[in-house]
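Structure first, then comments.
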Amino acid sequence: MIFSSRSSRRRRLALATVLWLFGIATTVLLVGLWGRSVAADRPTLQAAAFGATRLEAVQHQLLAWSADALAGAAAVPYPEAAAAVSELQEMPAARRAFETLVDQLLTAAFVPPGTTVEVDVGAALQPLARDLAPLLSRQGIPVDRTTLEHLLDSLDPLVVEGGSETSWVGGIVAARRALSRAVALAAAGVLVFGGLAVRLAEDRRAMVRSLGSRLALSALSFTVMLRVGAWALDPGGGGSPVRAVGATLLEANPHVPLMVAAVGSGLAYWGVMRRRRPADDQPVNTATTSVTG
């Protein structure tokens, strides 16, 4: 009896540990699947990148690129070029030019590693020529619009190596690789720890049902957390740039955890159906009574 009690305690402890590890693997699986889907979702990344262009640091970098390109193309001193470009920051033409640059840089993030992508900075800055010419003229640098357009068109493209982990665009590719590895390990953990839990359980069908319910509830909770997080970061749809970018990412691809929830619900339903037995399958014991009188 003592041996049996100790064995039962060890079995319960082992089952609790396996279920804890199953929960961790489930969490990593959900985060990895959702994160990888977002990292591979170009429209979402593009929307987040456009929101990031509102950040002061990003705008400063884009304006510095534009000023460098203008100074190199038109032989304009950099201070005057930077001053002229900075005046375009709030103009629609500058917004379109920056969006074109961001779109081309994002294109480089989705090409196979080692592929060279050329970002045509001159073509992206062409819409600025109409407004830049009068600005430079007011600063004592006579450059007409046609000449400025030709000079911008002659700019060498910016060469970006797709998938390079040293560039920020390559960081997206690196993130997808890391998340893919995490998904593979987490999926293996879910299968291994789930199988061990079923093996350690006294009622294996009940454990399958329990594991399916755990998976479904975890996925549903993860979906709710994403939605609440997106709402909390940007409840009005127009908060600060950092909050807007975070909200854009968090509200993306809710179908991924919902698919995991569907799989878990299917396992739970299978466990319920397997546990039930039709009445016709049960042996019927008929008791005959005789009345003697």
For Ser37, the side-chain hydrogen bond (donor to acceptor under 3.5 Å, both in side chains) test, sequence neighbours excluded, returns Asn253

Who passes side-chain contact (heavy atoms from CB on, under 4.5 Å) against Val260, sequence neighbours left out? Leu30, Leu33, Leu215, Ala219

Between Trp34 and Pro257, the two heavy atoms sitting closest are CD1-CD, 4.4 Å

Should Leu191 and Val18 be counted in the same cluster of Ile, Leu, Val, Met, Phe, Trp and Tyr side chains packed under 4.5 Å apart? no

Going by the rule side-chain contact (heavy atoms from CB on, under 4.5 Å), which residues pair with Ala216 if we only count those two or more places apart in sequence or in a different chain? Ser265

For the student: nearest non-hydrogen atoms of Leu179 and Gly35, plus distance: CD1-C, 3.3 Å

For Val38 and Ala252, work out which heavy atoms get closest and say how close. CG2-CB, 4.2 Å

Cluster membership besides Leu217, Ile/Leu/Val/Met/Phe/Trp/Tyr side chains within less than 4.5 angstrom, sorted by chain and number, is none

Measuring from atom OG of Ser218 to atom CZ of Phe22, what distance do you get when rounded to the nearest 0.5 angstrom? 7.5 Å

Hey, mind stepping through Thr44 and Leu249 against side chain to side chain contact (heavy atoms under 4.5 Å, CB included) and telling me if it holds? CA-CA 7 Å; Thr44 297; Leu249 296 176; 4.1 Å; yes

Of the non-hydrogen atoms in Leu211 and Gly194, which two are nearest, and what is the gap between them? CD1-O, 3.5 Å

Is there a donor-acceptor contact under 3.5 Å from the side chain of Trp231 to the main chain of Leu226? no

Between Leu19 and Met207, is any pair of side-chain heavy atoms under 4.5 Å apart? yes

Smallest heavy-atom separation, Ala186 atom then Val28 atom, equals CB-CG1, 3.8 Å

Any non-hydrogen side-chain atom of Arg209 less than 4.5 Å from a side-chain atom of Arg205? no

Who else is in Val224's hydrophobic cluster (ILVMFWY, side-chain heavy atoms under 4.5 Å, direct or via others)? Val228

Answer with yes or no whether the side chains of Arg214 and Thr26 bring together a donor and an acceptor at under 3.5 Å. no

Considering only heavy atoms from C-beta outward, does the side chain of Phe222 approach that of Val31 to under 4.5 Å? yes

Members sharing Leu220's hydrophobic cluster (side chains within less than 4.5 Å): Leu258

Contacts of Arg11 that satisfy side-chain contact (heavy atoms from CB on, under 4.5 Å) - sequence neighbours left out: Glu202

Mind checking what makes side-chain hydrogen bond (donor to acceptor under 3.5 Å, both in side chains) contact with Ser221, not counting sequence neighbours? none

State whether a side-chain donor-acceptor pair under 3.5 Å links Ser8 with Arg12. yes

Set of side-chain contact (heavy atoms from CB on, under 4.5 Å) partners for Leu21, sequence neighbours left out: Thr17, Phe193

